[in-house]
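All residue numbers refer to positions in the sequence shown, counting from 1.
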Amino acid sequence: MTMNTTSRTALSGLGLALASAAAFGFSGTFAKSLFESGWSSGAAALGRIGGAAIVMLVPVVFVLVRRWASVCGSLWRIAVYGMVPIALCQLFFFNAVQHLSVGVALLLEYLSPVLLVLYSWALTRRSPRVLTIAGALSAIGGLFLVLDLNGSQSIDVVGVLWGLAAAVCSAFYFIMSARADDVVPPVLMAGGGMVFGALLIGILGLTGLMPLTMSTSDVVFAGQRVSWLVPLLGLVLLSTVFSYVFGIMGVRRLGTRIASFVSLVEVLFAVLWAWLLLAELPRTIQLLGGLLIVLGVVLVRVGELRQADSAGPDAGHDPAAEWTPEASALPDRNPAGEELLPAEAAQAQRVGHHQD
């Protein structure tokens with residue numbers, strides 16, 4: 001492959017990854033318009049995940065038929081993946097959006113890499129690298145600014161708790177993606193996970209444990225009254241299916257290391273869309289806190305990269321060992337032979353994931 005071809009591939013990959021992040025950023029804005037017309041968070045999550053499951057059903061069945069012998073033993077893991085990182089994470093995020101601005105809710109969810117650092121520190125009693133600690137402190141400091149505890153407006157504690165719950169669920173896909181023996185294709189993990197996730201939310205709704213309130217009334221979106229189908233189809237086709245497909249294409253061209261960093265702009269896109277379409281913009285101190293959170297996540301991921309580089313390509317991996325966000329020798333590799341880190345594996349899983 002020539003240098004020009006490599007450059008064109010990287011450039012196209014960057015465009016695809018940015019398009020994926022931009023589409024993901026629409027989810028909170030679409031959902032907000034549904035909430036204001038009487039939809040419950042459970043109904044919005046069911047509409048999004050269930051609709052995407054229907055769209056992806058054909059490729060999921062195709063993969064199952066072709067690779068049943070190798071993936072049948074992993075169905076339980078696909079089920080857990082669909083219930084926690086997909087269904088509950090989306091449900092908790094939507095609950096947070098009902099109480100907070102879209103940008104603040106997403107910033108809280110993006111604290112998941114920091115939670116993983118604290119988790120592994122407590123579990124292994126091994127101190128993270130200085131850069132990783134600096135990133136965690138930056139993100140925690142940013143969280144306090146985002147909450148704006150001394151501001152004129154009181155913070156909604158319920159919304160904050162839902163946002164942090166979404167961060168915990170988001171951390172699960174980091175953990176579940178760091179596997180040495182993963183034989184489940186990305187399309188099956190994402191699409192199959194959506195099927196199980198939709199089933200979970202449907203069961204919770206049918207049993208009365210979670211409200212499933214829907215409305216066919218027109219909604220206000222971008223200052224205009226439109227059919228409720230507009231934001232719902234936007235959630236399904238743009239913020240889910242489109243994002244996943246373009247994410248897969250982008251990560252294959254960029255590699256998971258670069259793609260995992262590009263995904264951070266989803267936060268910025270979410271704030272931008274909420275501002276343009278909902279006239280919803282965090283206060284100045286919250287925007288500053290958001291920048292600190294994004295900076296903190298970047299530092300944590302750079303710390304992971306340096307930890308892996310210092311370990312060298314021949315570092316061993318014990319499949320039975322507990323995972324940590326600074327694992328130095330994960331066996332998962334991209335097509336170029338680069339070793340994947342937990343955050344990168346998670347990004348690839350999300351867009352196929354990218355999980356995804």
Verify side chain to side chain contact (heavy atoms under 4.5 Å, CB included) between V195 and M56, making sure each step is shown before the conclusion. CA-CA 9 Å; V195 172; M56 299 184 70; over 6 Å; no
Please list all pairs passing the side-chain hydrogen bond (donor to acceptor under 3.5 Å, both in side chains) test where one or both residues lie in residues 184-200, with sequence neighbours left out. none
Between W76 (side chain only) and G73 (backbone N and O only), is there a donor and an acceptor less than 3.5 Å apart? yes
Say you draw a straight line from CG of L164 to OG of S170; how long is it, rounded to the nearest 0.5 Å? 12.0 Å
Please name the pair of heavy atoms, one in L34 and one in S37, separated by the smallest distance, quoted to 0.1 Å. O-OG, 2.8 Å
Tell me whether Y81 is reachable from I203 by hopping between hydrophobic residues (I, L, V, M, F, W, Y) whose side-chain heavy atoms are closer than 4.5 Å. no
Could you state the interatomic distance from CG (L16) to CG (L11), rounded to the nearest 0.5 Å? 10.0 Å
Once side-chain contact (heavy atoms from CB on, under 4.5 Å) is applied, do any residues pair with L209, and if so which ones, sequence neighbours excluded? L204, T207
Test M189 against R77 for side chain to side chain contact (heavy atoms under 4.5 Å, CB included), laying out the working first. CA-CA 9 Å; M189 181 65 82; R77 187 161 56 85; 3.1 Å; yes
Between A96 and W162, the two heavy atoms sitting closest are N-CB, 3.7 Å
Would you mind listing every side-chain hydrogen bond (donor to acceptor under 3.5 Å, both in side chains) that reaches into residues 53-71, with sequence neighbours excluded? none
Rounded to the nearest 0.5 Å, the OG1 atom of T284 sits from the CG atom of L145 at a distance of 11.5 Å
Could you tell me if the side chain of S243 sits less than 4.5 Å from the side chain of L238, heavy atoms only? no
Pair F35 and F94, ring centroids less than 6.0 Å apart: yes
Might you point out which heavy atoms bring A167 and S112 nearest each other, and give the distance in Å? O-CB, 3.2 Å
Give a yes or no on whether L199 and M83 share a hydrophobic cluster (residues Ile, Leu, Val, Met, Phe, Trp, Tyr; joining criterion: side-chain heavy atoms under 4.5 Å apart). no
Just how far is it from atom CG of L206 to atom CD1 of I201, taken to the nearest 0.5 Å? 12.0 Å
Hydrophobic clustering (ILVMFWY, side-chain heavy atoms < 4.5 Å, transitive) - are L108 and V158 grouped together? yes
If you measure from CG on L278 to OG on S101, what distance do you get to the nearest 0.5 Å? 10.0 Å
Minimum heavy-atom separation for A52 to M194, with atom names? CB-SD, 3.4 Å
What verdict does the side chain to side chain contact (heavy atoms under 4.5 Å, CB included) test give for C89 and F93, after you've listed the backbone C-alpha separation in whole Å, the side-chain angles of each residue and the deciding distance to 0.1 Å? CA-CA 6 Å; C89 184; F93 171 68; 5.6 Å; no
Go through the structure and list residues passing ring pair (Phe, Tyr, Trp, His ring centres under 6.0 Å) with F26, not counting sequence neighbours. F30, W273
Closest heavy-atom pair and its distance - C169, L88: SG-CB, 3.9 Å
A side-chain contact here means heavy atoms from C-beta on lying under 4.5 Å apart; do L64 and V71 qualify? yes
Same hydrophobic cluster for L57 and L75, using side-chain heavy-atom links shorter than 4.5 Å among ILVMFWY? no
Whether the side chain of T213 engages the backbone of S40 through a donor-acceptor N/O pair (distance < 3.5 Å, no angle test) should be reported. no
Nearest heavy-atom approach of G159 to H99 is CA-CB, 3.5 Å
Contact list for residues 41-61, test side-chain hydrogen bond (donor to acceptor under 3.5 Å, both in side chains), sequence neighbours left out: S41-N95, R48-Q90, R48-T240
Quick one: do V168 and I293 end up in the same hydrophobic cluster if we chain Ile, Leu, Val, Met, Phe, Trp and Tyr together by side-chain heavy atoms under 4.5 Å apart? yes
I would like to know whether T132 and L299 meet side chain to side chain contact (heavy atoms under 4.5 Å, CB included); could you show each step before the answer? CA-CA 6 Å; T132 302; L299 290 177; over 6 Å; no
Using 0.5 Å steps for rounding, measure from the CG atom of L107 to the CG atom of L291. 9.0 Å
Heavy-atom donor-acceptor pair, K32 side chain to V97 backbone, under 3.5 Å: yes
Side-chain atoms of residues 217-232: list all donor-acceptor pairs with protein atoms under 3.5 Å, sequence neighbours left out, distances to 0.1 Å.
unit_1: S217; atom_1: OG; unit_2: S215; atom_2: OG; d: 3.2
unit_1: R225; atom_1: NH2; unit_2: D218; atom_2: O; d: 3.0
unit_1: S227; atom_1: OG; unit_2: L229; atom_2: N; d: 3.2

